[in-house]
Amino acid sequence: MAELENPNVMTKLITFLSSFLQRVSESNDINCRFQPQKISVFHGLTRPSISIQSYLERIFKYANCSPSCFIVAYVYLDRFVQRQPSLPINSFNVHRLLITSVMVAAKFLDDMYYNNAYYAKVGGISTIEMNFLELDFLFGLSFHLNVTPKAFHTYCTYLQREMLLLQPPLNVAESSLSIARSAKLHSCFNEDETTSQQKQQQQLAV
């Protein structure tokens, strides 16, 4: 996705991801009143005062990672919530999940990257906490970090389409990260696709 090198495209991507994660977080905040949710190391005692968009813009400004890292971080968040259904993204954990997913993506993709202490400063947390978050995130992903070119292209295609619409998805069935029954992030993309799922992805890519 060469377009990611374009600053205007990255601005739209950051805006879209922020807006969508905001909606998911708010939905899960409401949902937690009716369904019990597990408290994890990502869960803060209070909601951070900084908005999701400002936080993501801060990460983008100071992390200096390749643009592709934000796509892969998006993939990692999707995988995480699928593997950890009792830990939906909400206003109390979204910021820590964001800084952790971007850091892990940078370590996996980029030849050069900042250490945990630097990302901790960017994220406004301690190095010790950053270390714990990284470890918990990796176990939450079952250390499934590889993103195939096909999967990367599928997510890019979805994001490009949504950014062209200039608005978050209004239909949960249209989103790779949809608000499912319990209003948590959930992907309609499965990298162990069946034939029918491959057809669905081809339709999404058209």
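Only a predicted model underlies this, so the values are computations on that prediction, with no experimental measurement involved.
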Criterion side-chain contact (heavy atoms from CB on, under 4.5 Å) on I52 and L17, from CA distance to verdict: CA-CA 9 Å; I52 295 175; L17 291 177; over 6 Å; no
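Residues passing the side chain to side chain donor-acceptor pair (under 3.5 Å) test with Y55: none are found, sequence neighbours excluded. Here R47 pairs with D29 under the salt bridge (charged side-chain N to carboxylate O under 4.0 Å, His left out) rule; sequence neighbours left out. Shown here are the ring pair (Phe, Tyr, Trp, His ring centres under 6.0 Å) partners of F108, two or more places apart in sequence or in another chain: there are none. For N116, the side chain to side chain donor-acceptor pair (under 3.5 Å) partners two or more places apart in sequence, or in a different chain, are K107, N131, E134.
When all heavy atoms of F70 and C65 are compared, the closest pair comes out as CE1-SG, 3.7 Å. Heavy-atom minimum distance, S101 versus Y76: O-CD1, 4.0 Å. Between A105 and C69, the closest heavy-atom pair is CB-O, 3.4 Å. The heavy-atom pair separating M130 from I125 by the smallest distance is SD-CD1, 3.8 Å. Contact between P67 and M10 at its shortest, heavy atoms only, is CB-SD, 3.7 Å. Across all non-hydrogen atoms, the minimal contact from I59 to V122 is CA-CG1, 4.0 Å.
Evaluated for a side-chain contact (heavy atoms from CB on, under 4.5 Å) with T100, the options N93, L77, L133, D136 yield exactly one hit, L133. The ring-ring contact (aromatic ring centres under 6.0 Å, His included) test with F80 is passed by exactly one of F139, F137, Y74: F137.
Both F143 and V72 sit in one connected hydrophobic cluster of ILVMFWY residues. Membership requires side-chain heavy atoms under 4.5 Å apart, directly or through other members. F92 and L56 fall into different hydrophobic clusters, where Ile, Leu, Val, Met, Phe, Trp and Tyr are joined by side-chain heavy atoms under 4.5 Å apart, directly or via other members. Hydrophobic clustering, with ILVMFWY side chains joined whenever heavy atoms are under 4.5 angstrom apart, groups L98 together with V104.
Once rounded to the nearest 0.5 Å, the distance linking OG of S91 with CD1 of I30 reads 9.5 Å. Rounded to the nearest 0.5 angstrom, F152 CZ and N146 CG are separated by 12.5 Å. Of the inter-residue distances, the one linking L159 atom CG with I71 atom CD1 reads 4.5 Å to the nearest 0.5 angstrom. Atom-to-atom distance recorded for S51:OG and H95:NE2 is 6.5 Å, nearest 0.5 angstrom. Note: Q82 CD to H144 NE2 = 10.5 Å, rounded to the nearest 0.5 Å. Atom CG of N64 is separated from atom CG of D110 by 10.0 Å, given to the nearest 0.5 angstrom.
In this structure, L87 and V81 have side chains that are not in contact, with every pair of non-hydrogen atoms separated by 4.5 Å or more. Side-chain contact between Q53 and Q22: absent, with no pair of heavy atoms (C-beta onward) separated by less than 4.5 Å. Inter-residue side-chain proximity for L138 and L145 is flagged as met; some heavy-atom pair is nearer than 4.5 Å. H153 has its side chain within reach of T157: a pair of non-hydrogen atoms, C-beta onward, lies under 4.5 Å apart. By the 4.5 Å heavy-atom criterion applied to side chains, Y113 and Y118 are not counted as neighbours.
Counting only residues at least two apart or on different chains, no salt bridge (Lys or Arg N to Asp or Glu O under 4.0 Å) pair has a member in residues 62-77. Screening residues 56-75 for salt bridge (Lys or Arg N to Asp or Glu O under 4.0 Å) gives no qualifying pairs among residues at least two apart or on separate chains.
Under the 30°/60° scheme for interplanar angles, the aromatic rings of Y114 and Y119 are found to stand perpendicular. The aromatic rings of F16 and F20 lie parallel to each other, their planes meeting at an angle below 30°, with 60° marking the opposite boundary.
Side chain to side chain, Y155 and D78 meet the donor-acceptor criterion of an N or O pair below 3.5 Å. Using a 3.5 Å distance cut-off with no hydrogens or angles, the side chains of N90 and S25 do not pair a donor with an acceptor. For the 3.5 Å distance criterion, the side chains of T15 and S18 fail to qualify, holding no donor opposite an acceptor.
The 12-atom threshold is not exceeded at CD1 of I128, counting heavy atoms of other residues, nucleotides or ligands nearer than 6.0 Å.
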